[in-house]
Amino acid sequence: MRAGGSSIMSEQPVVSIEQISQFEGQDITVKGWIRNRRSSGKLSFLTVRDGTGDLQAIVSKGEVGDDQFSLCSQLTQESSVILTGKPRRDVRAPGGFELDVSTLAVIHIAEPFPIQPKDHGVGFLMEYRHLWLRSRRQHAILRVRHEIIRTCRNFFDDRGFTLIDTPIFTPNACEGTTTLFQTQYFDQVAYLAQSGQLYGEAAAAAFGKIYCFGPTFRAEKSKTRRHLMEFWMVEPEMAFADLPDAMQLAEDLVSTVIQRVVETRRSELEILERDIPKLEAMVKPFPRITYEEALRRLQQKGAAIQFGDDFGADDETSLAQEFDRPVIVHRYPADAKAFYMAKDPERPDLALCMDMLASEGYGEIIGGGERIHDLNKLLAQIKAHDLPEEAFKWYVDLRRYGTVPHAGFGMGIERVVAWICGLDHVRETIPFPRMLYTLYP
RNA sequence: UCCUCGGUAGCUCAGAUGGUAGAGCGUUCGGCUGUUGACCGAAUGGUCGCAGGUUCGAGUCCUGCCCGGGGAGCCA
């Protein structure tokens, strides 16, 4: 055993806290940060985190000597340390195990940490987002986010979809009217992508089944619990596919994601106090209703809404509350929808589109449908929406060379994370949220 | 952009009717061999968001502005 503890090298195995139970009684090294310290004279209790979990470490004056013990008494919240010692099973410890420390090496004594283990206001925490990420709760959320993203990728990869990255700088508006972030692109104007869909359609004609996964940007001045200016979206697109195919894929994706997170991130969901049985019950098939059926249900409840109106936030919530799992609403009035949406041949006033509304009032998590594949219909729509034909020339070309029915959708990752974690705001679902007027840190 | 609530110590907040500012936590020092957001004692801490106005006197009343929370519209 070394004395002094000044070296950061160690002969013992370096063990992550989540693996600690496998090393009971062995000499090991743990590298991490101090979450909290409680001291009682000749005994000090350190809560150490290492990114995989928390561990209570016991430093005893009799065990480590006066020098090491006084070093220990200087440790502030978030000081970085390397500890060696033996893990011991103990019911008094929060994780079931604690570490009897034999040597302590201090890498850095942290300055007083702004975030204390107590309640803080949201504004303050957002200002210190770079430090807030260290909290148990933020850590749990971002691990669930990771699991959701991983599951989406595996889901599409396993089904023969090819990942196609779409550009972030774009020359024109995908959906025409929505607000775009404008930026300088040498001597031209460019916009940040608000969707990869149009490029996804080109890729689907090349590869059959594709998906893109990346950040998207919308300069809508929205200030709600469901909006970010920069958010991540996964967007599959399939050639030779129609609206029912898109609805089926969406249902398979969302149910797979839920089941996978419940399976692999249960302890994180527990930290977040999520109602896990409620999540587990969300198995397919999901209910599917038409826009008109949804309209009838809302009108029966007394909502002042008529055909042609889009659903407001309250409408979506009240509709979703009728079901114990996500609900798919399809065939909205075509007038309110984007130019590329195919129309129902039997009801030309309806678009072959669908939204998936998450349960428990989390709102729309998926939007998509079947695209127009007929050249003349698309040209007519571009004209009707008063869009610049020149900018869409390449997109129109897709209807000139072997056009086929195709469909797809976009799923907003942050809303899915907020819903699965049971959060009341999407700002906690992404490491560094970009919000209206909030660009720092 | 609109509606609404707020801005007092590093943090979370309290400061009736206008009379010159408080607590807890943190930090520093001391005490404690089983603590769980430990506890006990002491010390430390403020242009009361900014600028005007009313008043003998404004954290408190009035006007304007800035910043933040919640909500709406729009959307994923």
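Throughout, protein chains are lettered first and strands after them, A, B, ... in sequence-line order, and every chain is numbered starting at 1. Only a predicted model underlies this, so the values are computations on that prediction, with no experimental measurement involved.
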Given [options], identify the nucleotide with an atom nearest to the side chain of [X].
{"X": "A:R38", "options": "B:rU35, B:rU27, B:rU1", "value": "B:rU35"}
{"X": "A:D314", "options": "B:rU35, B:rA72, B:rU1", "value": "B:rA72"}
{"X": "A:R226", "options": "B:rC75, B:rA76, B:rG34", "value": "B:rC75"}
{"X": "A:E316", "options": "B:rU1, B:rG34, B:rC75", "value": "B:rC75"}
{"X": "A:D90", "options": "B:rU1, B:rC74, B:rG34", "value": "B:rG34"}
{"X": "A:H425", "options": "B:rU1, B:rU33, B:rG70", "value": "B:rG70"}

Please classify the nucleic acid contact of [X] as base, sugar-phosphate, or nothing, using heavy-atom distances under 4.0 Å.
{"X": "A:Q77", "result": "nothing"}
{"X": "A:R137", "result": "nothing"}
{"X": "A:R427", "result": "sugar-phosphate"}
{"X": "A:D310", "result": "sugar-phosphate"}
{"X": "A:K223", "result": "base"}
{"X": "A:F113", "result": "nothing"}
{"X": "A:I413", "result": "nothing"}
{"X": "A:G363", "result": "nothing"}
{"X": "A:E230", "result": "nothing"}

Report task. Compute both the distance and the angle, then confirm whether A:R159 meets the cation-pi test with A:F155: under 6.0 Å from the six-membered ring centre, within 45 degrees of the axis. Result -> yes
Does any donor atom in the side chain of [X] or [Y] lie under 3.5 Å from an acceptor atom in the other side chain?
{"X": "A:T76", "Y": "A:S79", "answer": "yes"}
{"X": "A:E235", "Y": "A:S195", "answer": "yes"}
{"X": "A:E237", "Y": "A:Y211", "answer": "no"}
{"X": "A:Q248", "Y": "A:R288", "answer": "yes"}

Query raised in the report: Under 4.0 Å between a side-chain N/O of A:R218 and OP1 or OP2 of B:rA76, yes or no?
Result: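 Checking B:rA76 against A:R218, a side-chain N or O does come within under 4.0 Å of OP1 or OP2.
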Nearest-Å distance for atom pair [atom1]/[atom2], residues [X] and [N]:
{"X": "A:E235", "N": "B:rA76", "atom1": "CD", "atom2": "P", "value": "9 Å"}
{"X": "A:M356", "N": "B:rC75", "atom1": "CE", "atom2": "P", "value": "19 Å"}
{"X": "A:E428", "N": "B:rG69", "atom1": "CD", "atom2": "C1'", "value": "14 Å"}
{"X": "A:K337", "N": "B:rC74", "atom1": "NZ", "atom2": "P", "value": "11 Å"}
{"X": "A:L357", "N": "B:rA76", "atom1": "CG", "atom2": "C1'", "value": "11 Å"}

Answer with yes or no whether [X] presents, from its side chain, a donor or acceptor under 3.5 Å of a partner atom in the base of [N].
{"X": "A:S222", "N": "B:rC74", "value": "yes"}
{"X": "A:K221", "N": "B:rG73", "value": "no"}
{"X": "A:R415", "N": "B:rC75", "value": "yes"}
{"X": "A:S39", "N": "B:rC32", "value": "yes"}

Query raised in the report: Between A:A313 and A:T438, which has a closest nucleotide on RNA chain B that is more 5'?
Result: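 It is A:T438, whose closest nucleotide lies nearer the 5' terminus.
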Requested in this report: Report the residue (A:H227 or A:E98) whose heavy-atom-nearest nucleotide on RNA chain B is the more 5′ of the two.
Outcome: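 Closer to the 5' end of RNA chain B: A:E98.
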Query - Test item: A:M126 and A:M435 side chains (from C-beta on) under 4.5 Å apart, heavy atoms - result: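 Yes, at least one pair of side-chain atoms sits under 4.5 Å.
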Report task. Kindly determine whether A:Y340 and A:Q381 satisfy side-chain hydrogen bond (donor to acceptor under 3.5 Å, both in side chains), including the steps that lead there. Result -> CA-CA 7 Å; A:Y340 51 73; A:Q381 279 298 298; over 6 Å; no
Query raised in the report: Is the base of B:rA23 syn or anti, if syn means a glycosidic angle within 90° of 0?
Result: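 Here B:rA23 takes the anti form, which means its glycosidic angle is more than 90° from 0.
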Report task. Give a yes/no verdict on base stacking between B:rA76 and A:F231: centres under 5.5 Å, planes within less than 30° of parallel. Result ->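 Aromatic stack with B:rA76 present for A:F231.
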Query raised in the report: If you count the non-hydrogen atoms of other residues, nucleotides and ligands that lie under 6.0 Å from OH in A:Y128, is the total more than 12?
Result: no
Query raised in the report: Are more than 12 heavy atoms from other residues, nucleotides or ligands located less than 6.0 Å from atom CG of A:D386?
Result: no
Query - Under 3.5 Å: donor-acceptor pair, side chain of A:S255, backbone of A:V283 - result: no
Query raised in the report: Given the rule that a pair is Watson-Crick or G-U wobble with both distances under 3.5 Å, how would you write RNA chain B in dot-bracket, using | for pairs to a different strand?
Result: (((((((..((((.....[..))))((((((.......))))))....(((((..]....))))))))))))....
Return all side-chain donor-acceptor pairs below 3.5 angstrom for residues 331-338 of chain A, not counting sequence neighbours, or 'none' if the list is empty.
from	atom 1	to	atom 2	distance (Å)
A:R331	NE	A:D344	OD2	3.0
A:Y332	OH	A:D355	OD2	3.2

**Report entry** Under 4.0 Å protein heavy-atom contact, by nucleotide of nucleotides 10-15 of chain B - B base, S sugar-phosphate only
**Finding:** BBS---
Query raised in the report: Parallel, tilted or perpendicular for A:F409 and A:F156, by the 30°/60° rule?
Result: tilted
